[in-house]
Amino acid sequence: MYERVDLDAIDLGMGPPSLEPQRQYYFMAKLRKTVDQEKKRLGRPLTACVVTFGCQMNARESEKLSGILQMTGFELSEQENSDFVIYNTCTVRDNANQKVYGRLGVLNGYKKKNPNMKIALCGCMTQEETVIAKLKESYPFVDLIFGTHNLYAFAELVYRTYHEKHMLIEVWKESDRIVEDLPVLRKYPFKSGINIMFGCNNFCSYCIVPYVRGRERSREPKEILREIERLVQDGVVEIMLLGQNVNSYGKNLEDGITFAQLLREVEKIEGLQRIRFMTSHPKDLSDELIQVMKESKKICKHLHLPLQSGSDRILKAMNRRYTKESYIALAEKIRREIPEIAITTDIIVGFPGETAEDVEDTIDVIRRVQYDNAFTFVYSKRTGTPAAAMEQVPEEQVREGFDKVLKCVQETARMRVQRYQGQIQEALVEEVNDGSNSEEALRELNATEGQVLLTGRLSNNTIVHFPGLPGQVGTIVRVRLEECRGFYYLGRMEDPLEGTKEKGVLN
Ligand code: SAH
Ligand code: SF4
Ligand code: F3S
């Protein structure tokens with residue numbers, strides 16, 4: 001395991017091993033020497049900054065990049081004028097790409113002032129040939145470009161970047177390889193995402209993910225369980241199992257394990273308190289999963305169940321493989337079995353061929369399912385996907401539909417969230433909130449001297465702010481939900497000292 005890897009003990013005279021992850025440990029040792037030399041030459045630390053543009057999976061991968069950078073001697077920073085800056089990109093909608101291009105211009109300015117600076121790009125965007133062509137043409141100051149399939153070789157790639165003087169491009173089309181046991185630097189000490197699978201086989205007609213992430217590959221259950229056990233030993237209380245479609249977990253594994261069975265195993269891990277997962281495709285959600293969620297003491301009362309559209313015609317064109325009525329029936333079944341569950345969703349407005357009537361169908365589903373929250377996106381045309389070749393909807397019509405859907409989503413979500421008013425629920429304290437309104441909230445809640453405004457997350461994913469102590473971050477406390485503020489709550493802790501004792505904050 002990587003914790004036991006002693007970089008000093010690696011024989012660098014031998015040449016790189018061909019086996020992974022040993023090869024990467026070798027390059028980590030080499031890179032650490034290079035970083036040391038750079039530090040000596042410059043007479044100061046070498047800083048590195050990792051910026052995440054995408055989803056939770058992307059964020060988890062950024063933690064791996066950070067782990068390798070830290071282990072090889074970089075000092076991690078949030079400043080984009082660091083000595084090594086890497087953008088972990090997303091290409092699910094065009095605005096994500098535009099953001100990257102805009103910010104690359106700013107990086108170029110920093111690089112002119114600091115000629116030692118290295119700029120790297122990875123993630124989903126770099127898997128697109130058109131993007132690579134554009135980068136070569138207009139962004140020659142980028143030093144390193146690699147894709148989603150060879151992220152595990154980051155140490156080797158960074159090493160080469162410091163020793164080769166040209167733009168290094170290493171993007172693979174596909175890979176069936178999963179490399180375990182690389183260092184990870186978590187953003188939060190108390191919660192963590194865990195990849196249980198990579199890629200996607202669904203080919204929804206609007207979506208670029210299957211093209212940039214490749215075919216579906218599940219990790220071995222024993223590797224997942226081992227990783228979670230290690231995380232729990234390290235202080236993690238909440239985990240989120242990540243995959244583009246967790247409901248098809250295990251389909252390519254020999255022992256035929258299902259997602260529900262994996263959850264049962266994860267549940268048994270002592271010390272782990274909360275389990276979340278993302279994302280569930282409605283077409284594959286099994287009765288077994290509903291049963292496991294119902295019986296579980298640890299699985300959070302939240303299900304993200306992307307709808308995309310409520311129109312059968314559009315769902316068919318999207319290749320989603322469920323209908324409006326089968327989706328509603330599924331949501332009703334889940335609510336019947338687990339009444340307190342919060343259901344959230346993703347909706348796309350403006351898919352090719354969508355009419356005002358189709359939008360009404362989507363609104364009908366929102367009204368009937370009553371989502372606790374919904375992310376509404378304007379359809380974005382992605383090169384190479386089947387929908388890109390279909391007839392696009394005029395912008396004005398999209399705008400109109402989008403505003404209607406958003407209004408409906410907000411109304412229903414507000415109503416749903418209000419239901420918790422007055423309840424006492426458990427919240428995992430995630431951070432100290434020192435935003436501009438925190439002083440006012442503290443006054444309103446009659447906070448006592450020394451208390452700060454904490455932000456916690458309920459099992460159903462709702463956010464609550466309440467007065468407490470900074471030492472309570474990372475613990476689970478009971479909170480009375482006093483005042484609903486639209487999508488979040490102001491609250492008060494039931495036992496203000498909860499969670500602080502074992503940390504010794506009050507000694
Ligand atoms: N695998 C997940 C979704 C990953 S992408 C799932 O199937 O649910 C996250 C969300 O982005 C999708 O649910 C969809 O609503 C949105 N999305 C994907 N492609 C899009 C596109 N071309 N235009 C607009 N939104 C898109
Ligand atoms: Fe994209 Fe569909 Fe796969 Fe989700 S399930 S990543 S929307 S193709
Ligand atoms: Fe974006 Fe890639 Fe995630 S396209 S949404 S970062 S899988």
Side-chain angles (χ1 to χ4, degrees), residues 56 188 190-193 237-242 246-247 263 266-267 272-280 282 285 289-307 327 330-347 365-376 409-431 433 454-466 468 472 474-494 498-499:
Q56 278 102 338
Y188 297 96
F190 53 87
K191 68 170 187 174
S192 179
V237 293
E238 178 181 296
I239 54 148
M240 185 181 267
L241 305 175
L242 301 171
V246 292
N247 294 335
L263 280 173
V266 175
E267 173 101 16
L272 178 66
Q273 301 197 47
R274 278 180 167 188
I275 304 167
R276 297 184 185 276
F277 54 85
M278 189 89 111
T279 300
S280 273
L285 198 144
L289 176 63
I290 300 175
Q291 203 52 35
V292 170
M293 287 184 81
K294 186 176 167 177
E295 288 165 11
S296 168
K297 300 223 164 19
K298 298 183 180 174
I299 301 175
C300 289
K301 299 287 180 252
H302 172 218
L303 183 68
H304 188 63
L305 195 63
L307 167 70
Y327 181 98
L330 177 63
E332 280 171 355
K333 180 159 69 180
I334 296 164
R335 281 258 161 76
R336 216 167 31 242
E337 295 293 326
I338 315 165
E340 67 277 40
I341 202 160
I343 303 180
T344 58
T345 202
D346 290 344
I347 292 167
V365 180
I366 301 168
R367 292 219 172 96
R368 285 167 66 184
V369 174
Q370 297 275 304
Y371 295 106
D372 276 66
N373 198 0
F375 299 97
T376 312
V409 159
Q410 287 176 342
E411 277 167 14
T412 37
R414 217 170 249 135
M415 250 157 47
R416 287 287 301 176
V417 176
Q418 252 167 27
R419 301 180 310 144
Y420 311 127
Q421 181 93 29
Q423 290 183 2
I424 297 169
Q425 290 209 14
E426 287 188 341
L428 171 59
V429 187
E430 294 195 338
E431 58 195 2
N433 180 329
L454 298 175
T455 299
R457 193 179 293 272
L458 306 181
S459 168
N460 62 30
N461 216 34
T462 304
I463 294 290
V464 55
H465 303 290
F466 52 95
Q472 284 166 316
T475 64
I476 293 180
V477 297
R478 290 186 318 135
V479 182
R480 183 183 293 275
L481 306 173
E482 295 206 325
E483 193 185 326
C484 181
R485 289 280 181 96
F487 301 104
Y488 66 90
Y489 271 93
L490 290 184
R492 204 181 297 277
M493 246 186 290
E494 276 297 284
E498 213 170 358

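Remember, it's a predicted structure, so these values are computed and weren't measured experimentally.
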**Asked** With a 4.0 Å cut-off, would you call Arg368 and Glu332 a salt bridge?
**Response**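 A salt bridge is absent here (no side-chain N lies under 4.0 Å from a carboxylate O).
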**Prompt:** Do NZ/NE/NH1/NH2 and the carboxylate oxygens of Glu494 and Arg480 come within less than 4.0 Å?
**Reply:**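 Between Arg480 and Glu494 there is a salt bridge, with a charged N closer than 4.0 Å to a carboxylate O.
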I need the minimum non-hydrogen distance between [X] and [Y], along with the two atoms involved.
X	Y	result
Ile343	Ala331	CD1-O, 4.2 Å
Gly193	Leu242	CA-CD1, 4.0 Å
Gln370	Arg335	O-NH2, 3.3 Å
Arg492	Phe466	N-CB, 4.0 Å
Cys300	Ser459	CB-O, 3.2 Å

State the [atom1]-[atom2] distance between [X] and [Y], to the nearest 0.5 angstrom.
X	Y	atom1	atom2	result
Ile463	Leu490	CD1	CG	12.5 Å
Lys333	Ile338	NZ	CD1	11.0 Å
Arg274	Glu426	CZ	CD	7.0 Å
Leu272	Glu267	CG	CD	8.5 Å
Leu289	Ile299	CG	CD1	7.0 Å
Lys301	Asn460	NZ	CG	10.5 Å

**Prompt:** How would you list, by chain and number, every residue that makes a side-chain contact (heavy atoms from CB on, under 4.5 Å) with Thr344, sequence neighbours excluded?
**Reply:**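 Only His302, His304, Asp372, Asn373 meet the side-chain contact (heavy atoms from CB on, under 4.5 Å) criterion with Thr344.
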**Request:** Applying side-chain contact (heavy atoms from CB on, under 4.5 Å) between Leu303 and each of Asn461, Ile334, Thr345, report the one that passes.
**Result:**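 Result: among Asn461, Ile334, Thr345, Ile334 is the only option passing the side-chain contact (heavy atoms from CB on, under 4.5 Å) with Leu303.
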**Message:** Quick check on side-chain contact (heavy atoms from CB on, under 4.5 Å): which of Leu458, Leu454, Thr455 does Val464 satisfy it with?
**Reply:**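 Exactly one candidate clears the test, Leu458.
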**Asked** Should the pair Tyr420 and Tyr489 be assigned to parallel (<30°), tilted (30 to 60°) or perpendicular (>60°) ring geometry?
**Response**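 Geometry flag for Tyr489 against Tyr420: tilted rings.
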**Side chain to side chain, Lys191 and Met240, heavy atoms closer than 4.5 Å** =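 Sidechains of Met240 and Lys191: no contact.
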**Asked** Taking C-beta and beyond as the side chain, do Pro306 and Thr279 meet within less than 4.5 Å on heavy atoms?
**Response**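 Heavy-atom side-chain distance check passes, below 4.5 Å.
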**Request:** Apply the side-chain hydrogen bond (donor to acceptor under 3.5 Å, both in side chains) test between Glu238 and each candidate in Lys298, Arg276, Arg457, Gln273; give the one that qualifies.
**Result:**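 Exactly one candidate clears the test, Arg276.
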**Request:** Decide if atom CZ of Arg419 counts as having more than 12 heavy atoms of other residues, nucleotides or ligands within a radius under 6.0 Å.
**Result:**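 For Arg419, atom CZ is crowded (more than 12 foreign heavy atoms under 6.0 Å).
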**Message:** Between His465 and Arg485, does the side-chain contact (heavy atoms from CB on, under 4.5 Å) criterion hold? Intermediate values first, please.
**Reply:** CA-CA 10 Å; His465 303 290; Arg485 289 280 181 96; over 6 Å; no
**Message:** Using the rule given for side-chain contact (heavy atoms from CB on, under 4.5 Å), can you reason through Thr412 versus Tyr371, listing the C-alpha separation, both sets of side-chain angles and the distance that settles it, and then say yes or no?
**Reply:** CA-CA 7 Å; Thr412 37; Tyr371 295 106; 5.6 Å; no
**Message:** Set out, in order, the CA-CA distance, both residues' side-chain angles and the distance that settles side-chain contact (heavy atoms from CB on, under 4.5 Å) for Tyr327 and Val369, then state yes or no.
**Reply:** CA-CA 9 Å; Tyr327 181 98; Val369 174; 4.1 Å; yes
